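Below: one structure, written as structure tokens.
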Amino acid sequence: MDVKFLRRNIFQRICGIPATPKPENTVSWSYSNGQLTIDLGKVPELRSPGSAVRLEGAGLPERILVVHAEDGSFCAFRNRCAHLGHRRLDPVPGTHTVQCCSVNKSTYDLSGNRIYGPAKHSITAYPVRKESDKLIITIHI
Ligand code: FES
């Protein structure tokens, strides 16, 4: 697979500042009993294929990256690079990959398999199903 790098400046890479935003609407998702539910109608940041949001805090057991893939499907990952720094991940447009926001740029396919960089193993991908305007993500720890 051809690996491309997300354009980020060195300050962003050194500090591990991800490109992916949190949803502006803080009541657009909820978590309970291992199930994360996202109301797509309240998350315009996820509307277009190629977009993504990161969800953190508010009782979530893990940071989660949700990607609206360019084929129209949705994917969800534990938002924690498998390399030592455990930095956050961003989708890389046009590549069907997600990539660590750090200097070393470990990169994974949309199944979570490592394809580039110093990380030694894959990242966790969670099952996602879409029910009308809701995304249901099962978080297994
Ligand atoms: S923390 Fe991701 S490559 Fe180092």
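Just follow the structure's listing: the first ligand is 1, and inside any ligand the first atom is 1. Worth knowing before you read on, the calculation uses all heavy atoms, side chains too, and leaves out hydrogens, waters and symmetry mates. Residue indices begin at 1 and follow the sequence shown. Only a predicted model underlies this, so the values are computations on that prediction, with no experimental measurement involved.
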> L110 and L46: same hydrophobic cluster, using ILVMFWY side-chain contacts below 4.5 Å?
Replying inline: no
>> Is there a path of hydrophobic side-chain contacts, each under 4.5 Å between heavy atoms of I/L/V/M/F/W/Y residues, joining L55 to L135?
In response: yes
> How about E24: does its CD atom have over 12 heavy atoms from other parts shown lying under 6.0 Å from it?
Replying inline: no
>> With rounding to the nearest 0.5 angstrom, report the CZ to NZ distance, R114 to K120.
In response: 8.0 Å
> Rounded to the nearest 0.5 Å, how far apart are CD1 of I38 and OG of S30?
Replying inline: 9.5 Å
>> Whether the S73 and D71 side chains hold a donor-acceptor pair (N or O, under 3.5 Å, no angle test) is what I'd like checked.
In response: yes
> What's within reach of atom 4 (Fe) of ligand 1, meaning protein N/O/S atoms under 2.8 Å?
Replying inline: H83 ND1
